[in-house]
Structure formats: C-alpha cells, structure tokens
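Data first, discussion second: the structure below is written as structure tokens.
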Amino acid sequence: MTVDSMVSLVSAHPWVAEARVTPGDAIAVWPESAATLAGPEPGPLLREHLDHWAEVYDWVYQEAVGRHSDDLDLSGWRASDTGQPLSVEHMREWLDCTVGLVLAQRPRRVLEIGCGTGLLAHRLHPHLRGYVGTDVAPAAVQRLGEADLPGTAFVRAAAHETATDRVRETMDHAFGRGVAPDCVLLNSVTQCFPGLGYLAEVLRQALAVVADGGTVIIGDIRHSDLLTAHFTWLEQSRAPGIGGDDLQTRIRAAITADEELSFSPRAVAGLLTAQGRPVRMSLHARTMKQDTELTRYRYDIVLHVGAGMSEMPTRVRTIPWSEQLGLDLATTLRAALADDPIVVSGIPNALLNDAPTAVTPHALRHAVRELDAAVLLDPHDPRLLAVAAPATGGLLALEDLVGSRPETGPEAHEPLAGFVRRRLPEVLRDHLRRQVPGTRLPRIVVADDSDGRGAR
C-alpha cells in the first residue's frame, strides 16, 4: 500500500482533521478540535490525558507508601530534584498554611475538588457544617468513605464533573437539599490539568455552584512566570557545576517535556472575564519555613465571588517596601490600619531574589502573625511579595490583571500539546495496523503548527 493510500486511511480517523505526506514520506497530521475539546464532555484525546492521571493516582493511593497515619497519607509527595519524599515536618507546615488560608475565609460548607488522601478533609471538617470531597481515584474515595468522618461525604468524580447529578446528590446529603457550598477548594490538583481550556471549564462549574459571597480557592499552583527559574534550579541540582549552553539546552528540553500545567494569575483573570458573576482575586504566597519548590515556585489564588465584592475596599493606600520597614513591619501596619487599608508592596522574596532588603515569605508571616493581614504575591512579578492589612485590602479586580503582559514569562505551560504529540501517532499507527496488517508503516507526526488543541 502506498503512503498516499495510508494518508487517506489516517484522514478518515475521527481524531484527525487533516493529514498530508511530508517530503520525507512521513505523515503529518492535525488533530480534530473535537478530540481535544475541554467541556462538560471532554474530547477523547483530552479524556485519555485525564484518565492517565487518574490511573497514576489510584495506583499511588493503593500502594500508600507515604501513609504515616489515617490523617497523614503523604503518598506521591516527593521532591522533584531528589525524588525523595518531602519531609513530614515540611508537609505538616504546608498543611497548616493551606488550612489557615481556607479557614480565614470563614467557610461553613466546603466542596473540595480532588481531595486525594484526605489531608485537608481530616483537618477542615471539625470546623465546618458540611464537607464534600470528590476525586478520580477509587482507592481514595473508598478509604475516606470508610473513615466515617463526621459531617463529610465523598464521591468519585473528575474535576469537570461538579455539575453532575451524583455530585449534586452528595452535596444535598451533606449540606441539605439545594444548599450551595460557600467554598469550593482545588488544592494541588491543577498541575494534572491538560491546559487552560480545561481549567476554564472547571472554574466555570465552580463559580456556578458556589454561594453568593463565597470563595473559590485554587491552591498550590505552579507559577508559569517562574518555570525557567524552577527548571534551572532542578537541572543545577541534578547536575552540579553544569552551565552555559549545556545548561540552557537541558532547561529548554526539560520544560518542553514537562507534563504538568503551570499558569500565571493573568491567565486566570483572562479566563474569568467571560463569566457573569462579580469576582475579585487575591494572590497568596506560600509561607512555609523550609526552602523547597513548594515554597519557592507555587502560590495560591482566592476568588471572592458575588455581589458583595463591589462593597470591598477599593481605595487602598500603598507604600513601598524599605529596609526600615523591615525592622518593625507589624508596628508600621498596626499604626497605618487606624486610618486606611494598606498594602506594603515591592518586597523582594529572599528565596528568589538576593537584594539587600529581601525577606522570606515565612519571615513576613511571622511579622504580621497577630494582625488581620495577608502575605501576598505581587500580581506582575512573582519574585516580589506584598503585605495587605486587613487581608481584604489585597483584593484585585480582574481588569487589574487582564491585558498585563510583563516580560517575566508565559501565561501558561500547557501539557496537552506534548501529550497529543506522543499519543496521537500511537493511536493512528494502531489504526493502520488494523486496516492494513503486515504493511510497513510510515512515521506519523503531529504537525509543528498544531498546538494540540485541534486543526488550524
């Protein structure tokens, strides 16, 4: 069979929009947009990406090699540079910071999307009237259900299935019929999402279900503006002494091969402008003491949802950071709070910045521990921090971020395109083997000008 004949067979596959012979007698293909659709019913290629992560985590949770106790199962939590488990002490502080962020919003009913082994469920439910956790891993859902935590319910569902009947029925059981959660929580799950399209669908459903005046918390996000810094740190850790062009080549290759989603706050703001509910955003630094990738390169977003957002402070006094402020930040803020909400801005993060006035997020948290204050991330430069007092003084309007294009990095690193480049040729070669058994097959590649989201 000729290559042209096989092009016709490949073109007939429902996941292919177009196929052509290349000068080297390979077949270049452009994926059909429906195959990578992110919506209530994901396209088949996108579904395969989601199923891959579901299988990975179900296996991890079944093995439970990081299980220290019923409420501290750290299975899967490993350092990227060493491959070793992150320390229990560090993970306990990570949990404390996350629980503190959630409870600071004063929720009564929490829906957690991607509850995993229940690290947060175990710690949040005593403070709530009701808690519902969803996860794609059957092992996690079964184990948490058997734990019989008071006021909780768990259901197997993917992140894009919040609007399904089984999730709604579980919430009715835990919260009361027709009662909405006042907090939707996605913590340390977005790195498994295929791209911004899928994130947009998940947030659309979260905003549709959360009560007016509630919050949607997206926690432990990999910041795309810090992706190069993150992989520079990783490659130097793996190959000490490497530098120059060799280091840059390794960094570019590692980023290209990276299978996890990273995104900036501006990307989220852009996704939210199309939905109808009033939303304001706060960006929170990770304030653990230990210097790890979880502290350096990740951050939290809190979306404050509903009509009440128009009543939040809009006139906030901003003062720049200085070494003098660092001597007694708490006293400065306490005095300033007598008059106006205040934000101290432009604080160099000592984990990412060697400026003489740099401080760590943990030091800032310690300095304002007795105040109604929040340690925030600069919305335009993640190497800078800010402190807002009261904490609500740090809220941003979406238009403060949309359209901002600093030179610090891309809006997102999306793994779907790489997955499609790997997976679609495998599927099509299997398709040809069934159609023309015994025939020598040509190389199949996804076209360079396809971004993995469909045809041109």
Side-chain angles (χ1 to χ4, degrees), residues 38 42-88 90-91 94-95 98 112-122 132-149 152-162 164 166-167 170 185-195 198-199 202 219-222 234 254 257-262 292-294 298 414-416 418-424 426-427 430:
L45 267 172
L46 192 143
R47 169 66 73 176
E48 284 205 9
H49 184 280
L50 299 175
D51 289 346
H52 161 74
W53 281 111
E55 291 169 3
V56 167
Y57 277 101
D58 194 48
W59 179 82
V60 167
Y61 298 153
Q62 287 186 58
E63 293 293 302
V65 294
R67 187 177 175 85
H68 298 272
S69 61
D70 288 346
D71 69 343
L72 193 67
D73 186 343
L74 301 176
S75 300
W77 286 96
R78 294 180 177 274
S80 298
D81 54 339
T82 66
Q84 296 301 307
L86 290 157
S87 74
V88 172
H90 183 50
M91 290 305 301
W94 177 90
L95 278 168
T98 305
E112 184 178 4
I113 298 172
C115 61
T117 61
L119 291 171
L120 297 178
H122 278 280
V132 170
T134 74
D135 204 90
V136 292
V141 173
Q142 179 179 347
R143 189 172 295 154
L144 287 168
E146 292 170 350
D148 198 25
L149 304 177
T152 68
F154 298 90
V155 60
R156 185 184 178 191
H160 66 275
E161 294 176 327
T162 301
T164 58
R166 66 180 182 277
V167 175
T170 305
L185 173 62
L186 300 94
N187 191 68
S188 200
V189 294
T190 57
Q191 68 270 19
C192 301
F193 288 2
Y198 186 78
L199 176 64
V202 172
D220 211 35
I221 304 163
R222 300 174 77 220
L234 284 176
D258 182 32
E259 297 181 357
E260 297 187 359
L261 175 65
S262 305
T292 75
E293 61 193 298
L294 301 185
R298 301 200 184 192
E414 302 177 88
L416 181 60
F419 177 81
V420 170
R421 282 194 297 270
R422 294 188 300 274
R423 180 59 181 148
L424 185 55
E426 295 174 350
V427 170
D430 287 343

Within a strict 4.5 Å, meaning less than it, do heavy atoms of the [X] and [Y] side chains meet?
X      : Y      : value
Leu416 : Leu46  : yes
Leu149 : His122 : yes
Phe419 : Leu424 : no
Pro194 : Leu261 : no
Phe193 : Trp53  : no
Thr162 : Val202 : no
Arg166 : Val155 : yes
His49  : Pro42  : no

Minimum-distance pair of heavy atoms, taken over all atoms of [X] and [Y]:
X      : Y      : result
Ala139 : Asp58  : N-OD1, 2.9 Å
Thr134 : Ile113 : OG1-CA, 3.4 Å
Leu45  : Arg423 : CD2-CG, 4.0 Å
Ser75  : Ala64  : OG-CA, 3.1 Å
Ser188 : Gln191 : O-NE2, 2.9 Å
Tyr198 : His160 : OH-ND1, 2.8 Å

Is [X] reaching over with its side chain to a backbone N or O of [Y], donor-acceptor style, under 3.5 angstrom?
X      : Y      : result
Tyr57  : Gly76  : no
Asp135 : Cys115 : yes
Arg156 : Gln142 : no
Glu55  : His52  : no

For Thr117 and Asp73, does a side-chain donor sit closer than 3.5 Å to a side-chain acceptor?
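No, Asp73 and Thr117 have no side-chain donor paired with an acceptor closer than 3.5 Å.
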
How long is the gap from [atom1] on [X] to [atom2] on [Y], to the nearest 0.5 Å?
X      : Y      : atom1 : atom2 : result
Asp71  : Leu120 : CG    : CG    : 11.5 Å
Leu144 : Asp148 : CG    : CG    : 11.5 Å
Thr190 : Leu186 : OG1   : CG    : 7.5 Å
His90  : Leu95  : NE2   : CG    : 10.5 Å
Glu112 : Leu119 : CD    : CG    : 9.0 Å

Should the pair [X]-[Y] be classified as a salt bridge under the 4.0 Å nitrogen-to-oxygen rule?
X      : Y      : answer
Arg143 : Glu146 : no
Glu293 : Arg222 : no
Arg422 : Glu259 : yes

Met91/Leu74 under side-chain contact (heavy atoms from CB on, under 4.5 Å): CA gap, chis, key distance, verdict
CA-CA 8 Å; Met91 290 305 301; Leu74 301 176; 3.9 Å; yes

side-chain contact (heavy atoms from CB on, under 4.5 Å), that's the test. Do Trp94 and Thr292 meet it? Break it down for me.
CA-CA 11 Å; Trp94 177 90; Thr292 75; over 6 Å; no

Would you sort out whether Asp220 and Thr98 count as a side-chain contact (heavy atoms from CB on, under 4.5 Å), showing the intermediate values?
CA-CA 9 Å; Asp220 211 35; Thr98 305; over 6 Å; no

